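The structure under discussion appears below in the form of structure tokens.
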Amino acid sequence: MSAWQPLPDELPPEVQHFVEQLRLLKDRTGLSLVALGARTAYSKSSWQRYLNGTQPPPRQAVVALCRVAGEDAARFGALRELALRAWPRPAPQTVPPSQPTGPRAAGEQGEDRAEAYEDDPTLPWWDTPADEPAPRPPGRIALYAALAVLTALILVAAALIGAVTLA
């Protein structure tokens with residue numbers, strides 16, 4: 001088992017629980033962070049940030065870790081969603097001109113915070129969707145049917161001409 005740094009006390013309980021569960025999952029794999037990075041397409045430094053609670057992992061990273069560990073990704077996905085809602089956000093670089101106040105504004109800010117961390121849009125090579133085959137032009141089946149009927153007519157005509165010639 002790895003000797004993990006203690007998580008910061010200012011992390012909400014949901015985040016602490018999620019990171020602790022990720023740490024346990026990583027420890028069960030028996031892999032180093034370098035080996036985990038090689039198996040999941042996320043770097044060692046990314047895993048350090050995710051497992052030390054400094055940055056939330058993208059959904060695909062959690063799924064990749066679950067795949068390596070042989071665990072159900074749905075459970076960890078749900079834990080991740082709960083943790084994302086409570087994850088502390090970095091301080092904004094600029095001060096906004098006005099902040100809404102009141103109970104409705106607080107609820108809207110909570111929703112905005114949950115969406116502040118977007119999933120990493122990159123997918124590991126094994127999760128990239130296969131290229132869709134080009135759609136066939138309309139009428140291709142009708143063309144094949146017409147060719148089959150024409151071929152049948154030619155064969156019937158050849159058979160009739162052969163029968164008349166031999167008779």
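Keep in mind that the numbers below use all heavy atoms, side chains included, and drop hydrogens, waters and symmetry copies. Since the model is a prediction, treat every value here as computed from it, not as a measurement.
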Between [X] and [Y], what is the shortest heavy-atom contact and its length?
X: V62; Y: P57; result: CG2-CG, 3.7 Å
X: A86; Y: P12; result: O-CG, 3.0 Å
X: W47; Y: A61; result: CH2-O, 3.4 Å
X: A83; Y: V15; result: O-CG2, 3.5 Å
X: L25; Y: C66; result: CD2-SG, 3.9 Å
X: F18; Y: W87; result: CD2-CZ3, 4.0 Å

Inspect the surroundings of CG in L143 and state if more than 12 heavy atoms from other residues, nucleotides or ligands are less than 6.0 Å away.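 Correct, the count exceeds 12.
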Out of curiosity, [X] [atom1] to [Y] [atom2], how far, rounded to the nearest 0.5 Å?
X: L36; Y: Y42; atom1: CG; atom2: OH; result: 11.5 Å
X: S46; Y: Q55; atom1: OG; atom2: CD; result: 7.0 Å
X: R67; Y: T40; atom1: CZ; atom2: OG1; result: 10.5 Å
X: Q48; Y: Q5; atom1: CD; atom2: CD; result: 8.5 Å
X: R75; Y: L79; atom1: CZ; atom2: CG; result: 5.5 Å

Among L150, V156, T151, find the residue that satisfies the side-chain contact (heavy atoms from CB on, under 4.5 Å) test when tested with I154.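 Only one option passes, and that is L150.
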Using side-chain heavy atoms (C-beta onward) and a distance below 4.5 Å, is [X] in contact with [Y]?
X: R28; Y: E71; value: yes
X: R23; Y: N52; value: yes
X: L33; Y: K26; value: yes

If only atom types and distance count, is the side chain of T165 paired as donor or acceptor with the main-chain N or O of I161 below 3.5 Å?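 It does hold such a pair.
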Keeping T54 on the side-chain end and R49 on the backbone end, is there a donor-acceptor pair under 3.5 Å?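 Yes, because the side chain of T54 sits within donor-acceptor range (under 3.5 Å) of the backbone of R49.
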Any pair counted as side chain to side chain donor-acceptor pair (under 3.5 Å), so long as it reaches residues 7-20, sequence neighbours left out: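 Qualifying pairs: none.
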Answer yes if L51 and L82 sit in the same cluster of Ile, Leu, Val, Met, Phe, Trp and Tyr residues linked by side chain heavy atoms under 4.5 Å apart, and no otherwise.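 No, L51 does not connect to L82 through the hydrophobic network.
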Between D27 and W4, is there a side-chain donor-acceptor contact under 3.5 Å, judged purely by atom types and distance? yes
Does the pair R59/E81 count as a salt bridge with the N-to-O cut at 4.0 Å?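 Result for this pair is no, no salt bridge flagged.
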